[in-house]
Every structure is written in C-alpha cells, then in structure tokens.
Amino acid sequence: MSADAAKRRAAEKAIEFVEPGSIVGVGTGSTVAFFIEALGRMKHDIEGAVSSSERSTAQLRELGIPVLDLNAAPEVPVYVDGADECDPHRRLIKGGGAALTREKIIAAVARRFVCIIDPSKRVEVLGRFPLPVEVIPMARSHVARKLRALGGSPVWREGVTTDNGNWILDLHGLRIVDPVGLEREINQIVGVVTVGLFAARGADVVICGDEILR
Ligand code: 5RP
C-alpha cells in the first residue's frame, strides 16, 4: 500500500470515531486533508468543526462544514490529527506543518485524540524527525541557545510564520528517550510558545493505515 493510500485508509477509518451531532476537532496536514474530505460526506450528521489551522479551516469551509470558535464549543468529544512520528506508547512529534500550537490546544480540550498515520511515521524512539518548537520571534536566538544546551541542533525554519505570527525552530539530532521530561523542560524556556512533543497528552488511539493501535 502506498503512503497516500495508507493515509486515506486511516482517515476514513477515523470517521467511525466521530460522534453524531458533535463538534469535531480537526488537525492539519495531508492525512487530515483526507479526513476532511470524508467528513464532508457526513457534514449533515455533525454540528461543525473546530480547526487547528487556516489551511484546514479553508478546506472545511469549502466543503460547507461550519467552523466554530473553540471558545464556543462546550465539548469536543474527538480530535483527529496526523503526526510526524509516533512511538509505541502513542507519544508523538507534531508540527511539520507548523500548526502545533493550535493542535496542542484542541488535543488538550478533546476527550479523545485519534491520530491517523501511515507506517512511515512509526518509530521505536522519537527524534529522527526534527522536533518543531514554536517561538516568539524576538526570542529565537535565546531559545536556540537553550535548545543547543539540551544537546540538539536547532535550525530556524526561515520564511515560515505560524498562524499565530510566530517562528519555528526545528531541533535536529535528538534521541528522545524521555519525551514527557523533555516536553516539560522545553516548555520552561522563556520565549517558547509550544514544543511539538505530544507526550504528556499523547494520542488515545492511533490508526495506521487499516490497523488500530490503542
Ligand atoms: C502539522 C502536523 C501534521 O499532523 C504532521 O506534520 C503530519 O502531516 P502529514 O499528515 O502531512 O504527514 O503536525 O503541524
């Protein structure tokens, strides 16, 4: 099965987790684009969506799916999103599409986080994919120095501004054996908005192609 076919299969299976009449949390990326397509076919069975990026919002609106403000959503039973890496404990690296902050917010609100991936995203230990860190622009150099002290090599994703007006540092060369500890540590650095480690709150369910990993 090609990576795209596996993404589409995972996305379509995730529809089974959507609760009728509910507000659906929607992530960002090429896998999620397949999910939004599938959600479009059942748009009359849901109240609407809360979206993690301008990109997903545009696709949702194009398909006629109402996009709601998260502050107006009393509850989000399910959040569906992709990942750049996923370990056997369903801890993730996310942010390849620079949407990590809003993704983490919706993941925090949602009762259940369903992560949809293709097999290339599965790893034993996180860190092969450079870890994205969203930073306040004026703190870029300060945060980069602190990240270097943690043993990684930060690279500024030049030319990319997040939906929140911030910048991204991609942290290369880490073997993340303690994702919860590293997430906590990077969160402490002044100027960091969000680190793309989803470990303290990982996925509840991972769908990889046709396979469900709980
Ligand atoms: C965006 C993300 C995406 O979920 C991640 O980059 C995976 O994307 P794709 O489904 O295109 O492989 O975290 O910020």
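Atoms within each ligand, like the ligands themselves, are counted from 1 in listed order.
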(request) For ligand 1, indicate whether the residue Ala98 contacts it via side chain, backbone, both or neither (heavy-atom separation under 4.0 Å). (result) backbone
(request) Pull out every atom of ligand 1 sitting under 4.0 Å from any heavy atom of Lys94, numbered as shown with elements. (result) 2 (C), 3 (C), 4 (O), 13 (O)
(message) Using the rule that Ile, Leu, Val, Met, Phe, Trp and Tyr join whenever any side-chain heavy atoms are under 4.5 Å apart, tell me whether Ile15 and Leu213 fall into a single cluster.
(response) no
(message) With heavy-atom distances below 4.0 Å as the criterion, list the atoms of ligand 1 near Asp81.
(response) 4 (O)
(request) For Lys7, take its heavy atoms, then give the atoms of ligand 1 lying under 4.0 Å from any of them. (result) 12 (O)
(message) Using modelled atom types and a 3.5 Å cut-off, is there a donor and acceptor pairing between side-chain atoms of Thr162 and backbone atoms of Asn164?
(response) yes
(message) Distance under 4.0 Å to a non-hydrogen atom of Gly96: what atoms of ligand 1 satisfy this?
(response) 6 (O), 13 (O), 14 (O)
(message) Check this for me - ligand 1, Ala99, N or O atoms closer than 3.5 angstrom, yes or no?
(response) yes
(request) Could you check atom 10 (O) of ligand 1 against the protein and tell me its nearest heavy-atom contact, residue, atom and distance included? (result) Thr31 OG1, 2.6 Å
(message) Within the structure provided, determine whether Ile46 and Ile23 are in side-chain contact (heavy-atom separation under 4.5 Å).
(response) no
(message) Suppose I only count heavy atoms of Ala83 and a 4.0 Å limit; which atoms of ligand 1 are within that range?
(response) 4 (O), 5 (C), 7 (C)
(message) Consider side-chain contact (heavy atoms from CB on, under 4.5 Å). Of Ile93, Leu169, Thr194, which one does Pro132 pass it with?
(response) Ile93
(request) Tell me whether Val78 is reachable from Val32 by hopping between hydrophobic residues (I, L, V, M, F, W, Y) whose side-chain heavy atoms are closer than 4.5 Å. (result) yes
(request) Compute the shortest N/O to N/O distance between Gly97 and ligand 1 and return yes if it is under 3.5 Å, no if not. (result) yes
(request) Would you mind listing which atoms of ligand 1 come within a distance below 4.0 Å of any non-hydrogen atom of Gly82? (result) 4 (O)
(message) When you group the ILVMFWY residues by side-chain heavy-atom contacts below 4.5 Å and let the links chain together, are Ile117 and Phe35 in the same group?
(response) no
(message) Under 4.5 Å between side-chain heavy atoms, counting indirect links through other Ile/Leu/Val/Met/Phe/Trp/Tyr residues: same cluster for Val180 and Val133 or not?
(response) no
(message) As an exercise, identify every atom of ligand 1 less than 4.0 angstrom from a heavy atom of Asp84.
(response) 5 (C), 6 (O), 7 (C), 13 (O)
(message) Closer than 3.5 angstrom, by distance alone: can the side chain of Glu85 be matched with the main-chain N or O of Gly127 as a donor-acceptor pair?
(response) yes
(request) Among Thr28, Asp81, Thr57, find the one that has a side-chain hydrogen bond (donor to acceptor under 3.5 Å, both in side chains) with Ser52. (result) Thr28
(message) Looking at Glu134 and Val192, would you say the former's side chain and the latter's main chain have a donor-acceptor pair under 3.5 Å?
(response) no
(request) For ligand 1, note which part of Ile117 has a heavy atom under 4.0 Å away: side chain, backbone, both or neither. (result) neither
(request) Among all protein heavy atoms, pick out the one at the shortest distance from atom 9 (P) of ligand 1; state its residue, atom name and that distance to 0.1 Å. (result) Ser30 OG, 3.3 Å
(message) Given Arg55, Lys121, Glu103, Lys104, identify the one with the heavy atom nearest to atom 1 (C) of ligand 1.
(response) Glu103
(request) Give the atoms of ligand 1, by number and element, whose distance to some non-hydrogen atom of Thr28 is under 4.0 Å. (result) 1 (C), 2 (C), 3 (C), 4 (O)
